[in-house]
Structures are given as C-alpha cells and as structure tokens.
Amino acid sequence: MIAVADLNKAFESRIRLGIMSVLLVNDWIEFVELKDMLQVTDGNLASHLTALEKLEYIQVRKQFVGKKPNTSYAVTQAGRRAFNEHLDALEKLIKARE
Amino acid sequence: MENKLEPLETLTEIRALMERSSRFISLSGLAGVFAGTFALLGIAAVAYRFKLPYTLEGYQNQAVNMYGNPNPSFYKFILIDALLILFLSLSSAVLLSTRRARKNHLPIWDKLTQRVLWNMFIPLSAGGIFCLILLQHGLLELVAPATLLFYGLALLNTSKYTYPDIRYLALSEISLGLLGSFLIGYGLLFWAIGFGIFHIIYGARMWHKYER
C-alpha cells in the first residue's frame, strides 16, 4: 500500500471528483450546468462546492443575468495541481495492484 | 452518496465526465455519409443537366459563353443545387445527432452545442462574405476552392470541442482548397472530392469507430 497516503482526502467523495473533472476541462461552468452533468441535488452540490472553495481549489464568480443571480465556477492553479497529483496517486495504486 | 470508489472505477468515471462535459459527442458519422451522398448527387445533377464533358475546355464552354462572360443559367443552377444540398445535409445532421443524443441521454441544446455552432459560424460567414467578394471581382474560379478552404478552417476551429477525427477532415479540406486554388477551373471536381468523398470516408470511419 505505497500510494494510499498520496491520495487527497478532499477528493474522496464522488461528487467532488465529478466537480473537479468537469472544471478541469472547461473554462467557467455555471451551477445549473454542473448540476445537470452530475445529476445531484442543489444542496448536495452546493455544500461540496463550498468545501472545495474553502480549500481554494475552485474559484467562484457571481454575476447577474438580468435580475437572476448566476454563479459560475472554475478551477484554480492549486486545485489543478492537487487534482492531478490525486490522479497520479490513483494511477500508481492501480499499477501497484497489477 | 459518499461511497468510496475503487481507483480504477474512479479513473474511468473521471474520464467519462471530462469527455462528456467538454466534447460534443452526439455528432453522428452517418450525417457525414448522408451529406457526402447529397453532395455527389447534386454535382452529378449539374454534370447531367449541362452534359459536362471530362475535359476542362468543355467545362469552361458551359460555364462561360463565347464572349467570356459567365453563363447565368449555369451558375443559377449551381447555386440552387448547392443550397438544396446544404439544406438536406444540415437537416440530416440535426436529425441524426438529436437521435443519437436522445439514445445516450445527453442534452442536445446546451452550452457545448452552442459553442460548437458558434465556432463553426464565424469562419463560415467570413468565407461566405469572401466568396461574394470574389464573385463581385469576377474571380469565379476561386469560389469553389475558397468554400473548401473556409469550410476546413471552420471544422478546424470546432475540432477541439468534438471528435479528434474532425481535425483530420479539416486538414484534408484545407489542403484540397489550397490545391484547388492552384489548379483553377476544376471547381466541381474538387467539390465532389471535398464535400462528397471526404464526408463519406470520414463519416463512415467515425460511425464505424464510435457508433457500431
């Protein structure tokens, strides 16, 4: 079990993995789009987004489209690095098992 | 919801999400085959209607009258023919892609689709305007290669949001457009290759690779 310690606890949940995967390959993604893609409830998604934001893995942009508030998310440099390290660790784990 | 996943399962899921969220993957290869077939039929119709011979000279005799002016009925026929091909190709692409999206439970009209269409629209409209300018200057021979060139650039511009195969189709169309600008006068032949044969080949390959 060499690489388990390298796995980032912040990405243990399925939803956070989903959020990071989507944000890594897109510029800015709106809350609603993220919700549709990941098929989760508002509250669930919001709490995971807040957690990732606190870790400074994602950044938030709030705008108004007409009178409607519109929130978009993007990955930060730190988030990109952390997630890539997490993926590397996952890959090592798989290779170690083979 | 907080279940921990096996590493392999996790990686597979991550890859799928990345793909689905950043690429328009509902594009159907069959749409390419249809578009290519319509193009070939349309060009065959021109050849048949004006009894085009295989030589360049005979072709020019049809396109230009004996005073060197463009033959209006020839160009009118080609214009209507091209619009018909465009309409049929676009409708079949929309129908087939919608069908495929529905089958895979993917949204058809989302931000990604809009981004693909917008990226396509900009070079295509620039090309359209450029062709009108060519016509105005009387450079009729350059119109066919210019359409191929700009169509290739439009495809290249969208290729990062869809299957990588589109990139190769784009490069083929661009090369053909450039070649056609050198070998002036074979417009219809280059159209048949670019819009007909290339579409059929790449469409069939994409269908074979992703949809079977």
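These numbers come from the heavy atoms of this one structure, side chains and all, not from hydrogens, waters or symmetry mates. Chain identifiers are assigned alphabetically (A, B, ...) following the order of the sequence lines, protein sequences preceding nucleic acid strands; residue numbering begins at 1 within each chain. Model, not experiment: these values are computed from the prediction.
- Note that CH2 of B:W207 and CG of B:D165 are 15.0 Å apart. Values are rounded to the nearest 0.5 Å.
- Surrounding CZ of B:R115 are more than 12 heavy atoms belonging to other residues, nucleotides or ligands, all under 6.0 Å away.
- When the shell of 6.0 Å around CZ of B:F87 is examined, it contains 12 or fewer heavy atoms from other residues, nucleotides or ligands.
- With a threshold of 4.5 angstrom between heavy atoms, A:L38 approaches chain B through side-chain atoms but not through N, CA, C or O.
- Only the side chain of A:F83 has a heavy atom closer than 4.5 Å to any heavy atom of chain B.
- Interface remark: A:L90 contributes backbone and side-chain atoms alike to the contact with chain B (heavy atom separation under 4.5 Å).
- For B:Y151, the OH atom counts as densely surrounded, since its 6.0 Å shell holds more than 12 non-hydrogen atoms of other residues, nucleotides or ligands.
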